[in-house]
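Heads up, the thing below is written out as structure tokens.
In this text the structure is predicted, and so the values were computed from the model without any measurement. These values consider heavy atoms only, across backbone and side chains, with no hydrogens, waters or symmetry-generated copies. First the proteins, then the strands, lettered A, B, ... as listed; each starts at 1.
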Amino acid sequence: MATPGHHTLSVLVENRPGVLSRVSGLFSRRGFNIDSLAVGPTERPDRSVITIRVDCTRHSVEQVVKQLDKLIDVIHVIKVHPDMAIERELLLIKVKADANHRLEIMRVSEVFNARVVDAGADSLLLECVEHPDRLAALEQLLSPYTIVEAVRTGRVAMTRASVAHDESRAPLRILG
Amino acid sequence: MSDTALTKARQRKERMLGSEAIIRALEAEGVEICWGIPGGAILPLYDAFMAIDHSIEHVLVRHEQGAGHMAQGYARATGKVGVCIATSGPGATNLVTPIADAFLDSTPIVAITGQVPTHLIGTDAFQEADITGIVMPIVKHSFLVQRAEDIPKAIHEAFHIASTGRPGPVLVDIPKDLQLTEIDFAYTDEVDLIGYNSTFPEQLEGIEAAAELIARSRKPVLYVGGGIINGEACDDLILLAEALQIPVTTTLLAKGAFPDSHPLSVQMPGMHGSKYANWTIHRSDLLITVGARFDDRVTGKLDAFAPGAKIIHFDIDPAEVSKNRHADVALVGELRTTLPALRNAVTARADNAARAEHQSEWLRDVQGWRRDNPFRYKKGAKLKPEYVIEAFDKALKGKDTIWVTGVGQHQMWAAQYLSIDGPRRWLTSGGLGTMGFGVPAAIGAQQGCPDAYVVNFDGDGCFQMTMQELATARCYDVPAIHAVMNNGWLGMVRQWQELFHGERYSETNLFGTIPDFVLLAEAYGCLALRAETEDEVDAVIAEAIAARRPTVIDFRVDEEEKVYPMVPAGAASHEMIDEVWENEWVEEGV
Ligand SMILES: Cc1ncc(C[n+]2csc(CCOP(=O)(O)OP(=O)(O)O)c2C)c(N)n1
Ligand SMILES: [Mg+2]
């Protein structure tokens with residue numbers, strides 16, 4: 001399920017001081033809206049990947065990609081194609097769960113492969129790694145039980161292993 | 001970097017202080033001159049300027065903003081990278097305006113700032129400002145040097161980034177302790193910038209598609225911006241326009257890139273552009289955009305700009321293509337390569353003669369508009385600023401002259417009434433519209449081109465923002481002429497208040513508060529002249545030109561004069577007003 005006008009960009013950057021502010025600063029300066037942003041190390045210590053979910057309903061994704069590509073510390077930008085990539089996000093969620101509802105909540109969680117990672121007298125803490133749309137569905141199903149707290153990491157993405165390597169890592173060049 | 005300088009730098013295998021390494025790196029980059037003011041965090045560099053033998057002239061300015069604009073004036077007049085230097089904190093923040101100006105007008109400058117010692121960074125130390133953070137949105141790139149041995153590499157990469165691709169400002173922030181650390185100086189011409197793309201593959205299909213659009217067009221126009229000058233492709237543009245017989249409009253930044261006097265020129269488009277440029281664009285069916293960016297001061301209401309035109313867009317910066325206006329054909333790359341390729345592609349076509357024939361009627365129309373609708377003003381009892389500008393233009397005709405301006409009415413009149421026939425001979429703050437650009441930019445340009453005449457048309461408001469640099473001009477004997485169009489007002493703002501704000505002149509009147517510019521200039525040791533009537537104008541201009549010393553002329557001009565034609569903000573670009581001429585031409589033209 002894709003939200004129209006929203007895109008996931010996988011931005012490979014040099015691991016230099018200030019690179020995250022350069023990238024996030026670009027978004028605020030140009031008025032691009034970030035839905036989520038996740039940063040982390042890669043297989044190489046001198047590179048990081050910043051995965052950005054961006055709302056492109058008011059400007060073109062090409063413009064976002066080109067502006068990112070102009071940053072010197074940005075090595076390349078991949079526009080993640082939902083059909084060709086795996087997208088995942090981690091959710092931690094604390095739900096009110098008295099004795100009457102505990103089992104019910106755990107049953108719902110199972111359907112989403114969520115795990116109970118901690119339990120208190122009247123609440124459960126669940127962890128779930130899934131496609132962000134599935135996390136949203138889980139949250140929705142849990143909301144009647146009262147969500148005490150929820151936090152998500154922002155999505156990360158990787159081109160499927162079945163897609164040829166060249167294609168998956170080829171820098172996106174949009175010249176038109 | 002020049003080859004011999006590089007060879008010398010490579011052979012230099014000495015141990016030296018980081019501060020000396022900065023100077024050796026600048027030498028290796030071919031830097032001859034730089035502008036700045038010392039202070040605590042940059043003291044080691046200034047100490048090295050005096051302690052070691054080197055080939056760089058340092059110019060002491062009176063305000064760091066001046067240093068930045070001087071570096072810009074130098075860069076734009078010569079095509080080389082301009083260098084400015086400041087201390088940490090307030091020195092660095094004073095560079096913010098010129099850095100922003102250089103960013104918007106794509107000017108290659110390198111700003112070197114001192115930073116508090118590494119161990120104090122982040123502690124709110126004395127004169128600490130996070131300058132790399134402050135300038136992040138207005139630089140092409142910046143470096144906060146972390147290790148002393150990285151100094152030469154950072155400076156080399158800064159010059160590389162500033163001067164290649166689409167040029168722009170680069171800041172190198174160097175903590176004081178690193179300037180005082182001994183390193184083994186090593187210089188290479190390699191850069192380690194895997195994420196930097198300044199070159200692009202040739203796009204031959206794009207050339208063919210562009211040639212096809214041109215062949216099918218009946219009303220083409222070349223819309224040319226400052227990129228043509230940075231791309232060193234002005235000759236290629238002339239060859240292209242002449243071979244294809246297509247009219248050319250040059251934006252404020254591109255003035256002079258295509259000769260104003262050329263029969264194919266329709267001069268400047270936009271808010272205060274020529275009627276014929278705006279009409280030409282409005283009626284065109286094909287805009288061949290070259291190093292221009294559809295700025296709002298050019299387009300007016302974007303939806304109504306060139307409504308019937310397809311767009312071909314040549315640029316070195318892919319992000320400009322389809323940013324404001326969708327491009328039907330995009331050609332990203334060096335204009336020096338793409339423009340000749342386009343010329344060959346069009347002229348090689350079998351239908352080229354027929355194309356020229358079909359487009360000739362359009363060219364006749366365009367040239368007729370230019371002939372019948374020149375920039376014009378009405379003489380009155382008081383001295384008109386346009387008259388002064390025309391008189392200067394006449395007096396320096398045929399002499400190598402660099403024209404510089406402030407920002408305001410005087411800037412627009414200069415753009416309208418000067419006829420400039422070569423690139424790098426018109427320096428104005430376009431994108432940022434920085435009052436105070438004129439005096440220092442003129443000084444920097446003159447220092448880069450000592451044999452040229454330099455004339456800065458400034459406003460009485462602008463002049464007072466950076467006039468302290470007259471001390472710099474006097475100190476280094478920089479003979480640029482500063483012609484102040486003294487109308488007693490922040491005139492351009494006054495014009496908007498008169499036309500669009502019910503004549504409520506809120507905080508724009510400078511009367512009674514303007515110093516006597518003649519006394520002031522004399523106090524700075526400059527030649528000081530004044531003209532109040534037409535018959536005094538030629539004499540003061542002649543005296544100023546002959547003097548070859550720093551000169552200020554106080555021209556007392558009509559305070560009520562307005563800049564016309566004018567496209568009001570938000571209007572379509574062909575909807576120009578011109579009260580002096582009662583809008584007669586609006587119906588006539590479009
Ligand atoms: C640094 C800065 N502050 C304010 C402005 C807004 N502004 C644009 S033109 C202008 C008036 C300029 O007055 P003057 O130098 O006398 O030129 P004139 O328009 O009278 O020729 C002002 C205040 C600006 N462009 N730059
Ligand atoms: Mg004025």
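Side chains of I194(B) and R47(A) form a contact here, defined as non-hydrogen atoms less than 4.5 Å apart. Residues R22(A) and H141(B) form a side-chain contact, since some pair of their non-hydrogen atoms from C-beta on lies under 4.5 Å apart.
Residue contact with chain B, scored on non-hydrogen atoms closer than 4.5 Å, involves the side chain of R29(A) exclusively. With a 4.5 angstrom heavy-atom cutoff, Q146(B) touches chain A only via side-chain atoms. No part of D315(B) comes within reach of chain A, as not one of its non-hydrogen atoms sits under 4.5 angstrom from that chain. For I161(B), the part sitting under 4.5 Å from any heavy atom of chain A is the side chain, from C-beta outward, and nothing else. At a 4.5 Å heavy-atom cutoff, the contact between S142(B) and chain A is made by backbone and side-chain atoms alike.
For K310(B), the NZ atom is loosely surrounded, since the number of other residues' heavy atoms within 6.0 Å does not exceed 12. Open room surrounds CE on M106(A); 12 or fewer heavy atoms of other groups in view lie less than 6.0 Å from it.
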Step by step, would you call K70(A) with R166(B) a side-chain contact (heavy atoms from CB on, under 4.5 Å)? CA-CA 10 Å; K70(A) 261 169 80 162; R166(B) 179 179 184 175; 3.9 Å; yes

Evaluate the side-chain contact (heavy atoms from CB on, under 4.5 Å) criterion for residues E62(A) and S322(B): first the C-alpha distance (whole Å), next the side-chain angles of each, then the deciding distance (0.1 Å), finally the verdict. CA-CA 9 Å; E62(A) 284 75 21; S322(B) 298; over 6 Å; no

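How far CD of Q63(A) is from CG of N324(B): 8.0 Å, rounded to the nearest 0.5 Å.
Here the closest non-hydrogen pair linking Q67(A) and A319(B) is NE2-CB, 3.6 Å.
Between chain B and the residues L71(A), I72(A), D73(A), the most heavy-atom pairs under 4.5 angstrom are made by I72(A).
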